[in-house]
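Report on one structure; see the data block that follows.
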Amino acid sequence: MKKSMKKAVALTMAAVTAASLTACGGGDKAAAPAETKAADAAAPAGDAAASDEKVELTFSWWGGDARHEATEKAIAAFMAKYPNISVTPEYGAWSGWEEKQSLNILGGNAADVMQINWNWIEAYSGNGANFANLEDYADVLDLTQFPESARELCKADGKLMAVPVAMTGRVFYWNKTTFDEVGCALPTDTDSLLAAGAAFKAFNEDYYPLALGEYDRMIFMVYYLESKYNKPWVENGEIQYTAEEIQEGMDFLCKLEAEHVIPTIATINGDMADSLDKNAKWIDGKYAGIYEWDSSASKFEKAVEESTNKPGQEFVIGDFIQFGENKGGFTKISMGLAVSATSAHPKEAAMLINFLLNDPEGIEICSTERGIPCSAAALKVLDEKGLGNALVKEANAKVTSYAPFALDTKFEHNDLKANPDGVYYKVFGKLSAGDIDSAKAAQDLIDGVNECMGN
């Protein structure tokens, strides 16, 4: 990542944190490109429909059940406010979602409104051609509610490709009920993490203190290395770690498997679950820890709290595990809302975004299901009404005040994180299976990342 981008992310985090302290206290579409520009608006952003004509929109997003339910409710409220506009939802779990949506975007069949990852702007916007420039619809979408530094991170070719929804990072979450049953303290450093593995194995070999999939292992390993060496994973488009240092991270992951801290990839895949929050072993407390995005807290919390086999489990945020003398972890724009350049009704699509992120009714319904909002209007509403998942708020505050690094723009590239063919999945899957050793895994990872970055 270029230094200017890193600086911009840091400025964004500062702006969002400051806003939080102040306001929160603590099927097919037309193939023609969007041509309707911002004009002819006699009312403030979002107050009036562009016209009385019947409009049909589609809105695609991924997430867990809680996000799906909240978003569908918000869509219903939007359609009640604008009876001439109908919105068809398209949603699902993350697994395979990016691959499907990338084909839709590149094929001109994308939904009118899309929830996108930040890196999709670089990967799929066609340098400003595949998403509408949202600055053209500022008459119905109040862009002043979002920090300028965050908006700048969502541009391509000088065009605003998406509105930043929230900033996010990863934190450790634990099933305290399981840890109490095992008689083990929540991990805070290497020794206590390894001790937890031993205690869980003695309690029941099907129980593990921490569960990490392939992509989770990549993020966890980077956190581990940053904690030890205090340098970013990538800077100025180059990996900042030697093959020997990365091998050390691979060896640590192998040790965690050997010491019963984490299950093997084969074990997790054998659970036959689309995602960890839907895994029966997570739901019933057999997997007792995760390293996940703060914006995902509610779906994992809900999964354990609604367990029918083991009701009443306690889901808590843990401390950042100390693997060295330094702090590790990174933050990023968690996601954005974009309008497809092929949308026949981009203005109404922008109105939907404004309703979800800036309108008091939409804000109240969506709450913190997509993380702590960037929108100052949303922060104000959540504060005044005492809304939002307290766990998400706590997790967001924790990670934004702790994680010192910014995510590089290629880290989440589909060539790297796609399941099952991305570099991360291949490397960490083969390492876990014993098909390659740690030295080979380190070099394969380096080669894959460098190829993705064009080095």
Side-chain angles (χ1 to χ4, degrees), residues 1-6 9 98-99 102 117-120 122-124 169-170 190 210 212-258 261-262 264-266 268-269 291 321 323-332 403-455:
M1 175 183 290
K2 296 181 179 179
K3 291 183 178 180
S4 59
M5 178 66 76
K6 181 179 178 182
V9 174
E98 181 174 353
E99 293 81 358
S102 66
N117 261 337
W118 176 49
N119 70 300
W120 291 20
E122 180 177 82
Y124 306 123
R170 288 211 174 195
T190 303
L210 184 63
L212 300 171
E214 293 94 333
Y215 183 48
D216 304 320
R217 292 181 185 216
M218 178 62 190
I219 298 176
F220 179 90
M221 187 190 74
V222 170
Y223 171 84
Y224 171 81
L225 293 174
E226 289 170 345
S227 299
K228 291 182 69 69
Y229 295 103
N230 195 32
K231 55 185 178 180
W233 171 245
V234 167
E235 191 170 54
N236 297 325
E238 295 182 352
I239 297 174
Q240 300 299 295
Y241 289 83
T242 66
E244 292 74 20
E245 290 168 342
I246 297 172
Q247 182 180 350
E248 181 184 348
M250 298 290 183
D251 285 334
F252 187 65
L253 285 169
C254 292
K255 183 178 180 67
L256 294 184
E257 277 193 356
V261 175
I262 59 176
T264 64
I265 295 298
I268 295 176
N269 290 342
Y291 182 51
I321 298 177
F323 292 127
E325 298 298 321
N326 310 294
K327 293 180 178 181
F330 52 68
T331 53
K332 67 162 187 168
F405 299 101
L407 187 71
D408 71 89
T409 58
K410 294 289 190 181
F411 193 91
E412 297 182 307
H413 195 284
N414 208 38
D415 289 347
L416 299 177
K417 67 173 289 189
N419 180 9
D421 297 322
V423 172
Y424 302 150
Y425 280 82
K426 289 180 178 178
V427 169
F428 290 102
K430 289 179 180 179
L431 179 66
S432 178
D435 294 336
I436 56 176
D437 60 19
S438 60
K440 173 66 172 170
Q443 191 59 54
D444 285 354
L445 180 62
I446 291 171
D447 293 343
V449 172
N450 279 332
E451 181 178 357
C452 181
M453 292 190 296
N455 296 336

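The figures here come from the full heavy-atom set of this structure, side chains too, leaving out hydrogens, waters and symmetry mates.
For the pair D444 and V423, the tightest heavy-atom approach, listed with the atom from each and the gap, is O-CG1, 4.3 Å. Heavy atoms only, all atoms of each residue included: P404 and G328 are closest at CD-O, 3.6 Å. When all heavy atoms of W233 and E226 are compared, the closest pair comes out as N-OE2, 4.0 Å. In terms of heavy atoms, S227 sits closest to F323 at CB-CB, 3.9 Å. Taking all atoms of both residues into account, the shortest heavy-atom contact from A441 to M250 is O-CE, 3.8 Å. Taking both residues in full, the closest heavy atoms of K426 and P420 are given as CG-O, 4.0 Å, listed atom of the first, atom of the second, then distance.
Side-chain atoms of V234 and M453, non-hydrogen and from C-beta on, do get closer than 4.5 Å to each other. The side-chain heavy atoms of M218 and L416, taken from C-beta on, include no pair separated by under 4.5 Å. Contact of the F252 side chain with the L256 side chain is registered, since non-hydrogen atoms from C-beta on lie closer than 4.5 Å. For the pair D216 and R170, the minimum side-chain heavy-atom distance is below 4.5 Å. L210 is listed as a side-chain neighbour of F220, based on a closest heavy-atom distance under 4.5 Å. N117 has its side chain within reach of K332: a pair of non-hydrogen atoms, C-beta onward, lies under 4.5 Å apart. Between E214 and N269, some side-chain heavy-atom pair lies under the 4.5 Å cut-off. No side-chain heavy atom of L431 sits less than 4.5 Å from a side-chain heavy atom of R217.
Looking only at distances, no side-chain donor or acceptor of N455 sits under 3.5 Å from a matching main-chain atom of E238. For the pair S432 (side chain) and G429 (backbone), a donor-acceptor distance under 3.5 Å is absent. Judged by distance alone, the side chain of Y241 and the main-chain N or O of V222 form no donor-acceptor pair under 3.5 Å.
Paired with Y291 under the rule ring-ring contact (aromatic ring centres under 6.0 Å, His included), one option of Y223, Y215, Y224 passes, and it is Y223. Each of Q240, E245, E248 was compared with Y229 under the side-chain hydrogen bond (donor to acceptor under 3.5 Å, both in side chains) criterion, and only E248 meets it.
Y424 and F411 have their aromatic ring centers within a separation under 6.0 angstrom.
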Run the numbers on I265 and F428 for side-chain contact (heavy atoms from CB on, under 4.5 Å), then give the verdict.
-> CA-CA 8 Å; I265 295 298; F428 290 102; 5.5 Å; no
Review point. Is there a side-chain contact (heavy atoms from CB on, under 4.5 Å) between N119 and T409 once you walk through the steps?
Key: CA-CA 6 Å; N119 70 300; T409 58; over 6 Å; no
Item checked: side-chain contact (heavy atoms from CB on, under 4.5 Å) evaluation trace for I246 with I239 -> CA-CA 10 Å; I246 297 172; I239 297 174; 4.2 Å; yes
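Enclosure of atom CD in E451 is not indicated, since only 12 or fewer non-hydrogen atoms of other residues, nucleotides or ligands lie within 6.0 angstrom.
Taking NZ of K228 as the start and CG of N230 as the end, the distance is 12.5 Å to the nearest 0.5 Å. Rounded to the nearest 0.5 angstrom, N450 CG and Q443 CD are separated by 8.5 Å.
In this structure, K410 pairs ionically with E122, as a charged nitrogen and a carboxylate oxygen lie closer than 4.0 Å.
Inspection of the Q247 and S438 side chains reveals an N or O donor paired with an N or O acceptor under 3.5 Å.
Note: W120 and Y124 have perpendicular aromatic rings, judged against thresholds of 30 and 60 degrees for the angle between ring planes.
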